Amino acid sequence: QVQLVESGGGLVQPGGSLRLSCAASGDAFRRYAMGWFRQAPGKEREFVAVSRKSGGSIYYADSVKGRFTISRDSAMNTVSLQMNSLIPEDTAVYYCAADSTIILSELRNPGAYDYWGQGTQVTVSS
């Protein structure tokens with residue numbers, strides 16, 4: 001069992017930056033794929049970024065590539081999402097997700113992840 005707790009959301013002006021963090025319980029953190037997803041009002045949950053496992057491959061949604069950076073700290077059991085050059089379309093609830101058996105072709109599918117955090121609101125507005 002893995003518990004995930006996100007933090008770092010808030011209100012930011014367009015062009016600004018935010019850093020989200022996700023703290024994971026358990027001692028198998030290194031073996032888990034850790035992903036970030038987001039869900040805007042009235043829309044489906046969508047993939048943002050994923051780190052397959054410690055030292056593994058990283059993937060981004062095209063909409064955030066070059067602006068967002070995912071990183072993980074295995075010593076602290078945390079995964080972070082640095083978000084720069086934020087735009088209003090980035091407004092959503094952001095969720096951290098984890099899974100230990102997910103395959104490459106399913107990394108962008110929210111339905112494939114077993115564990116989720118409670119979410120943190122990010123609002124980009126002037």
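All values derive from a computational prediction rather than experimental measurement.
P14 has its side chain within reach of V124: a pair of non-hydrogen atoms, C-beta onward, lies under 4.5 Å apart. Under the 4.5 Å side-chain criterion, counting only non-hydrogen atoms from C-beta, T120 is not in contact with R38. Between R45 and Y95 the shortest side-chain heavy-atom distance falls below 4.5 Å. Put simply, the side chain of L107 reaches to within 4.5 Å of the side chain of R52, judged on heavy atoms.
Under a hydrophobic-cluster definition in which Ile, Leu, Val, Met, Phe, Trp and Tyr are linked whenever side-chain heavy atoms come within less than 4.5 Å, directly or via other members, L4 and I102 are assigned to different clusters. Under the 4.5 Å side-chain contact rule for hydrophobic residues, I70 and L86 share a cluster. By the rule that hydrophobic residues join a cluster once side-chain heavy atoms approach within less than 4.5 Å of another member, V48 and L104 end up as members of separate clusters.
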With side chain to side chain contact (heavy atoms under 4.5 Å, CB included) as the test, would you mind laying out the steps for C96 and W36 before giving the verdict? CA-CA 5 Å; C96 175; W36 286 97; 4.1 Å; yes
Evaluate side-chain hydrogen bond (donor to acceptor under 3.5 Å, both in side chains) for T91 paired with E89, printing each intermediate quantity in order. CA-CA 5 Å; T91 296; E89 290 75 15; over 6 Å; no
Kindly determine whether D90 and R67 satisfy side chain to side chain contact (heavy atoms under 4.5 Å, CB included), including the steps that lead there. CA-CA 11 Å; D90 294 320; R67 300 188 298 121; 2.7 Å; yes
Apply the test side chain to side chain contact (heavy atoms under 4.5 Å, CB included) to residues F29 and M34: give CA-CA distance (whole Å), side-chain angles for both, the deciding distance (0.1 Å), then the verdict. CA-CA 9 Å; F29 179 77; M34 302 295 298; 3.9 Å; yes
List the steps and the verdict of side chain to side chain contact (heavy atoms under 4.5 Å, CB included) for Q39 and Y94. CA-CA 7 Å; Q39 189 165 17; Y94 283 70; over 6 Å; no
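Between F47 and Y59, the ring center distance fails the sub-6.0 Å criterion.
Applying the side-chain contact (heavy atoms from CB on, under 4.5 Å) test to Q3 and every residue at least two apart in sequence or in another chain returns S25.
For the atom pair CD of E106 and CD1 of I103, the computed distance is 5.0 Å after rounding to the nearest 0.5 Å. A distance of 11.5 Å separates NZ of K53 from OG of S100, quoted to the nearest 0.5 Å.
Minimum interatomic distance between Y60 and F68 (heavy atoms only, all atoms of both residues): CE2-O, 3.2 Å. Residues Y113 and A33 approach most closely at CE2-O, 4.3 Å, considering heavy atoms. For L18 against G9, the heavy-atom pair with the smallest separation is CD1-C, 4.5 Å. Taking each heavy atom of Y32 and A98 in turn, the nearest pair found is CD2-CB, 3.9 Å.
A donor atom on one side chain and an acceptor atom on the other are found under 3.5 Å apart for R72 and S51. Looking at S80 and Q82, their side chains never bring a donor and an acceptor atom within 3.5 Å of each other. Side chains of S17 and N84: a donor on one and an acceptor on the other come within 3.5 Å. Residues T101 and D99 have side chains that bring a donor and an acceptor to within less than 3.5 angstrom of each other.
Formation of a donor-acceptor pair under 3.5 Å by the Q118 side chain with backbone atoms of E6 is found in this model.
For CZ of R31, the number of neighbouring non-hydrogen atoms (other residues, nucleotides, ligands) closer than 6.0 Å is 12 at most.
For the side-chain contact (heavy atoms from CB on, under 4.5 Å) criterion with V122, the lone passing option out of V93, L11, L81, L20 is L20.
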